[in-house]
Amino acid sequence: MGTVTPSTDRTPKQDRSRATRRRLLEAAVACLAEHGWAGSTVSVVAERAGVSRGAAQHHFPTREDLFTAAVEYVAEERSAALRALPVQGRTAVVAALVDLYTGPLFRAALQLWVAASNEEQLRPRVTELEARVGRETHRIAVELLAADERKPGVRETVQGLLDMARGLGLANVLTDDTARRRRVVAQWAALLDEALG
């Protein structure tokens, strides 16, 4: 009878699995941003990621699993990048926060929101995800701006900044709004200096 030896290939297999999962998540966000919900299927994402549909479904059994995980993954990546920002002036912080809402992540999230507004099984997942991402973004904004939310109106001021950033992201979906956005960012930074001290 042969002896059973421990697998020495386990770590590389786990690494390959993590790499496949990451490629699928990144491809899903890119597909949502470029093709919208209707044009983003598991097959399209798998092809873009360079994996089989079966491999995609191994990691994400449903389409909803794949796309909510993809938006969450990129949101976490962006949050980590924001947390790693060195302490800067308010204009740089406001610009970094606005950048959250003008890139592919926001476009992908927007497509997911639209789909969730029409698909009952997707809505609770997207609502919960967006609430969590919103809380984390608010928390990071407070830290980066050195805002003291114990003072009246500060919490609302920070939330107003994030709502404004989301609006700028929406304006940027159809046309490049870079020039106007720079002026708005500078004005908001000045308003925050005044409001936050």
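Numbering of residues begins at 1 and proceeds along the displayed sequence.
In this structure, a donor-acceptor pair under 3.5 Å is present between the side chains of Arg22 and Tyr73. A donor-acceptor contact closer than 3.5 angstrom is absent between the side chains of His138 and Glu143.
With a 4.5 Å cut-off on side-chain heavy atoms, Arg21 and Leu24 do not count as touching. You'll find the side chain of Val45 reaches within 4.5 Å of the side chain of Phe67, heavy atoms only. When side chains are defined from C-beta on, Thr62 does not count as touching Val42, because their heavy atoms never get closer than 4.5 Å. Between Trp37 and Leu122, some side-chain heavy-atom pair lies under the 4.5 Å cut-off. Residues Gln57 and Arg53 meet the side-chain proximity criterion, which asks for heavy atoms closer than 4.5 Å. Looking only at side-chain heavy atoms (C-beta outward), Asp99 and Thr102 come within less than 4.5 Å of each other. By the 4.5 Å heavy-atom criterion applied to side chains, Tyr101 and Asp163 are not counted as neighbours.
Transitive grouping of hydrophobic side chains (ILVMFWY, heavy atoms separated by less than 4.5 Å) keeps Val185 and Leu191 in distinct clusters.
Arg155 contributes no side-chain N or O that, together with a main-chain N or O of Glu149, makes up a donor-acceptor pair within less than 3.5 Å. Remark: side-chain polar atoms of Ser40 are paired, donor with acceptor, to backbone N or O of Cys31 under 3.5 angstrom. Checking side-chain atoms of Asp177 against main-chain N and O of Ala171 turns up no donor-acceptor pair under 3.5 Å.
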One pair to check against salt bridge (Lys or Arg N to Asp or Glu O under 4.0 Å): Arg48 and Glu26. What are the steps and the verdict? CA-CA 9 Å; Arg48 184 174 187 135; Glu26 290 170 354; over 6 Å; no

Intermediate values then yes/no, salt bridge (Lys or Arg N to Asp or Glu O under 4.0 Å), Glu120 and Arg123: CA-CA 5 Å; Glu120 285 297 320; Arg123 186 176 302 138; 2.7 Å; yes

For a side chain to side chain contact (heavy atoms under 4.5 Å, CB included) check, start with the C-alpha distance between Leu110 and Leu32, then their side-chain angles and the critical distance, and finish with the verdict. CA-CA 9 Å; Leu110 184 58; Leu32 268 179; over 6 Å; no

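Evaluation of the side chain to side chain donor-acceptor pair (under 3.5 Å) test over residues 184-197, restricted to residues two or more places apart or in two chains, returns Arg90-Asp193.
A salt bridge links Arg132 and Glu72; the closest N-O separation between the charged side-chain nitrogens and carboxylate oxygens is under 4.0 Å.
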